[in-house]
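Worksheet: the structure to be examined is printed underneath.
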Amino acid sequence: MKIVLSALNAKYVHSNLAVYDLEGYARGQEKNLPLVVREFTINHNLDFILQQLYQEKAQVYAFSCYIWNVYEILTIVRELKKVLPDSEIWLGGPEASNDAEKYLRENAFLTGVILGEGEVTFYELTKVWRNSVGEERDYESVSGIMYRDSCGEIKKTGQRPLMSLDDLPFIYYDLSKFGNKILYYETSRGCPYSCSYCLSSIDKKVRFRSFSLVKGELDFFLEHKVPQVKFVDRTFNCNREHALQIWRYLAEHDNGVTNFHFEVAADIIGEEEFEVFQKMRPGLIQLEIGLQSTNPDTIREIRRVMDVEKVKKTLLTIRSFGNIHQHLDLIAGLPYEDFQSFQKSFNDAYEMRPNQLQLGFLKVLQGSYMGEQVDNYELRYRDVQPYEVLETKWISYDEILVLKKVEEMVEVYYNSDQFEHVLPFVISHFESPYLFYETIGKYYEENDLFGIGFKREARYKVLRDFCMEYFGGQTSPDGIPCDSEPKSEFSMKIFDFLLTFDYYLREKAKKRPDWAAQERLDKLPGYVHIERVEKEALRWIEDVNEQAEYCLFDYENRNPLTRDAKVEFLTELIGVS
């Protein structure tokens, strides 16, 4: 008897907490269970995955399903069942669990689905699988499943009681299984909020793992200096004391290496949290905040509880500390959010100055309140995963396509963090940040630039070419800049210095870019680079000596948060020509 637990992760660096929790809990009950965990990614060739799973020759295969991998999983197991017709195929995870009957009805090769929390249920299933080989399986005795019986009839057993989180195994004692992977960790399950687009709101009972256990597990991560731990708690700080206890512990026991990621509600962060955050090492923690929209009607309709002004104040306060990376999420396609309203939400979010701004698109999940309102919202979305919005009564597909281009431009120019100083200068010449990203998106489309694998230097040149064209500057036929200034108040001298400044801020390039007009200074140590300063551009750079004539980039001393070189502004140079 062999049972395979399998996961298809989005990227190689990801690990699947769910399947390891199932394995860990089951082995905690019986050490020598015939379990095998096989992880792949959705980027693997599907035939390769099929071959690998087939060679296990298992009697049962169980898969963890999400909206971003269920299509690939069904494609694989459809063929797996053909070559291993006597094997059973089981699904679990949020995607299959919340639409189990549909999956069983439409896919005759599936045996059953684990509903909801799976650790105890999976272990009880292993007993059924092992104790009834060649006989009728006694699935009726296992709570928390939907299955197909020997007559083909779909049946559902009773609801599984929620488990204590103190009964969860700690799965990372053998780190050899997680080399070069992000480690996922949870200290709570459930969510007290009722966001209409989210399935986490279904489980209202928020449960927490005892701090005595959490403390020991944090010690393990810290002692082994793992690079990153991502907490998967849906709203980590919904219990303020629980969150503060963990943040204080991390601040006091920082190993100088490990980064911890948290999803938080920003508007319930207060002075006590600020006091802890301010003392943290740069890069010790990072925060992900779900803003989604700033439209009051939208916030009310999606059942969010959020003080937008408090969110803004919190993000700006934390940014002023200079030690915590903040990631802010927006969702396009929500009810009452039309094209103009979304632009305002975008600009509001931009003013909060997150380190990353994620522009996402509504996913209509079965079992969510949003899924029940499809007709009322005139909501059209993709029939296949990830069920992404196409249009609503408030926003058209044409407008969604515009926002798709904006999304890519935000990724290239804002989230890359490679245009930190030149972007604010350029955007200051537009009516709003949104308008800049929409305009450069149109430029990319008109010049067939989407889908090109640009080298780093080329992105800078594209931005420069865009500004030359948009603001009325001139270029020679071969694309090399001429000396003429644009016809508007836009200064190419300021732009060129800031563009060059950002270019050298990240790394010391061996070849000087063609668009960098300043001469290169020679006789420099290999770990530094020097540029002459354009005085009028200095106001776009924080904490700078206004009398500076040169800026020196020190690549041996970098910002631990951004990886930017340390910059010194000098009034004179000694020993350098």
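When a residue number appears, it is its place in the shown sequence, counting from 1.
Counting only N and O atoms by type, the side chains of Ser141 and Asp138 include a donor and acceptor under 3.5 Å apart. A donor and an acceptor atom, one from each side chain of Arg160 and Thr121, are located under 3.5 Å apart. Between the side chains of Ser396 and Glu391, no donor N or O sits under 3.5 Å from an acceptor N or O. In summary, the side chains of Tyr103 and Glu95 do present a donor paired with an acceptor at a separation below 3.5 Å, with no hydrogens or angles considered. In this structure, a donor-acceptor pair under 3.5 Å is absent between the side chains of Asn69 and Glu72. Gln59 and Asp86 form no side-chain donor-acceptor contact under 3.5 Å, judged by distance and modelled atom types alone. For His242 and Thr187, the side-chain atoms include at least one donor-acceptor pair closer than 3.5 Å. Side-chain contact, Gln228 with Thr258: no donor N or O sits under 3.5 Å from an acceptor N or O. Side-chain atoms of Gln385 and Tyr387 form a donor-acceptor pair, as typed in the model, at a separation below 3.5 Å.
Taking CD1 from Ile73 and SG from Cys65, the interatomic distance works out to 4.0 Å, rounded to the nearest 0.5 Å. Distance check: Ile299 CD1 to Thr294 OG1 gives 6.5 Å after rounding to the nearest 0.5 Å. Interatomic distance, Ile285 CD1 to Ile318 CD1, rounded to the nearest 0.5 Å: 7.5 Å. Atoms CG and CG, from Leu222 and Asp254 in turn, are 7.5 Å apart once rounded to the nearest 0.5 Å. To the nearest 0.5 angstrom, Gln356 atom CD is 4.5 Å from Asn415 atom CG. The OG atom of Ser293 sits 7.5 Å away from atom CG of Leu330, with the distance rounded to the nearest 0.5 Å.
You'll find the side chain of Leu287 stays beyond 4.5 Å of the side chain of Phe236, heavy atoms only. Inter-residue side-chain proximity for Thr314 and Glu273 is flagged as unmet; no heavy-atom pair is nearer than 4.5 Å. Residues Asn180 and Val13 form no side-chain contact, since every pair of their non-hydrogen atoms from C-beta on lies 4.5 Å or further apart. Taking 4.5 Å as the limit, some side-chain heavy atom of Gln292 sits within range of a side-chain heavy atom of Asp329. Side-chain contact between Phe361 and Leu403 is present, with heavy atoms from C-beta onward closer than 4.5 Å. Residues Met352 and Leu291 have side chains in contact (heavy-atom distance under 4.5 Å, counting atoms from C-beta outward). Counting heavy atoms from C-beta outward, Val214 and Arg209 have side chains that approach closer than 4.5 Å. In this structure, the side chains of Asp174 and Lys177 come closer than 4.5 Å at one or more pairs of heavy atoms.
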### Task
Take Glu186 and Arg189, measure what salt bridge (charged side-chain N to carboxylate O under 4.0 Å, His left out) needs, and give me the verdict at the end.
CA-CA 8 Å; Glu186 63 182 331; Arg189 282 183 180 174; 2.9 Å; yes
### Query
Could you walk me through whether Glu399 and Lys404 pass the salt bridge (charged side-chain N to carboxylate O under 4.0 Å, His left out) check?
CA-CA 9 Å; Glu399 291 164 337; Lys404 288 283 186 180; over 6 Å; no
### Worked verdict on Asp166 versus Ser210 for side chain to side chain donor-acceptor pair (under 3.5 Å)
CA-CA 6 Å; Asp166 286 357; Ser210 297; 2.6 Å; yes
### Derivation of the side chain to side chain donor-acceptor pair (under 3.5 Å) call for Glu337 and Ser345
CA-CA 9 Å; Glu337 188 88 278; Ser345 290; 3.1 Å; yes
### Task
Just do the salt bridge (charged side-chain N to carboxylate O under 4.0 Å, His left out) check on Glu388 and Arg382 with the steps written out, would you?
CA-CA 5 Å; Glu388 190 171 277; Arg382 292 174 56 183; 5.4 Å; no
### Task
Check the pair Lys156 / Glu101 against salt bridge (charged side-chain N to carboxylate O under 4.0 Å, His left out), numbers first and verdict last.
CA-CA 9 Å; Lys156 181 180 179 180; Glu101 185 173 355; over 6 Å; no
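Under a cut-off of 6.0 angstrom, the local environment of CD in Gln159 is sparse, with at most 12 non-hydrogen atoms contributed by other residues, nucleotides or ligands. Atom OH of Tyr397 has 12 or fewer heavy atoms from other residues, nucleotides or ligands within 6.0 Å. Taking a 6.0 Å sphere around OH of Tyr71, one finds it holds 12 or fewer heavy atoms contributed by other residues, nucleotides or ligands. Counting heavy atoms of neighbouring residues, nucleotides and ligands inside a 6.0 Å radius, atom NZ of Lys127 exceeds 12 of them. Other residues, nucleotides and ligands contribute only 12 or fewer heavy atoms inside 6.0 Å of the CD atom of Glu140.
Comment: Glu263 does not engage Lys230 in a salt bridge, judged by the lack of any side-chain N to carboxylate O separation of less than 4.0 angstrom. Ion pairing between Lys82 and Glu79 holds under the 4.0 Å rule for side-chain N and carboxylate O. Using a 4.0 Å cut-off between charged side-chain N and carboxylate O, Arg130 and Glu30 make a salt bridge. Electrostatic pairing of Glu272 and Arg248 counts as a salt bridge here, judged by a charged N lying under 4.0 Å from a carboxylate O.
Between Asn259 and Gln286, the shortest heavy-atom distance links the atoms OD1-OE1, 3.3 Å. Among all heavy-atom pairs drawn from Ser143 and Glu124, the shortest one is N-OE1, 4.3 Å. Between Val389 and Ile400 the shortest heavy-atom distance is CG1-CD1, 4.4 Å. In terms of heavy atoms, Tyr381 sits closest to Leu379 at CD2-CD2, 3.8 Å. Between Leu53 and Ser6, the shortest heavy-atom distance links the atoms CD2-OG, 4.0 Å. The two atoms that bring Glu56 and Lys2 nearest to each other are OE1-NZ, 2.9 Å, heavy atoms only.
Ring pair Phe211/Tyr249 is perpendicular by interplanar angle, where above 60° counts as perpendicular and below 30° as parallel. Relative ring orientation between Trp247 and Phe262 is described as perpendicular, the plane-to-plane angle rising above 60° on a 0-90° scale split at 30° and 60°. In this pair, Trp394 and Tyr336 present their aromatic rings tilted. The plane angle is within the 30 to 60° band.
Aromatic ring centres of Tyr139 and Trp90: separated by under 6.0 Å. In summary, the aromatic rings of Tyr185 and Phe260 are positioned with their centroids too far apart to meet the 6.0 Å limit. Checked against a 6.0 Å centroid threshold, the rings of Tyr172 and Phe178 count as neighbours. The ring of Phe231 has its center no closer than 6.0 angstrom to the ring center of Tyr184.
Counting only distance, with no hydrogens or angles, the side chain of Asn45 and the backbone of Phe48 share a donor-acceptor pair below 3.5 Å. The backbone N or O of Ile269 lies less than 3.5 Å from a partner atom in the side chain of Lys310, making a donor-acceptor pair. Listed for the Thr392 side chain is a donor-acceptor partner under 3.5 Å among the backbone atoms of Ile395.
A cation-pi contact, defined as under 6.0 Å to the ring centre and within 45° of the axis, is absent between Lys155 and Tyr147.
Residues that satisfy the ring pair (Phe, Tyr, Trp, His ring centres under 6.0 Å) test with Phe220, not counting sequence neighbours, are Phe170, Tyr173, His224.
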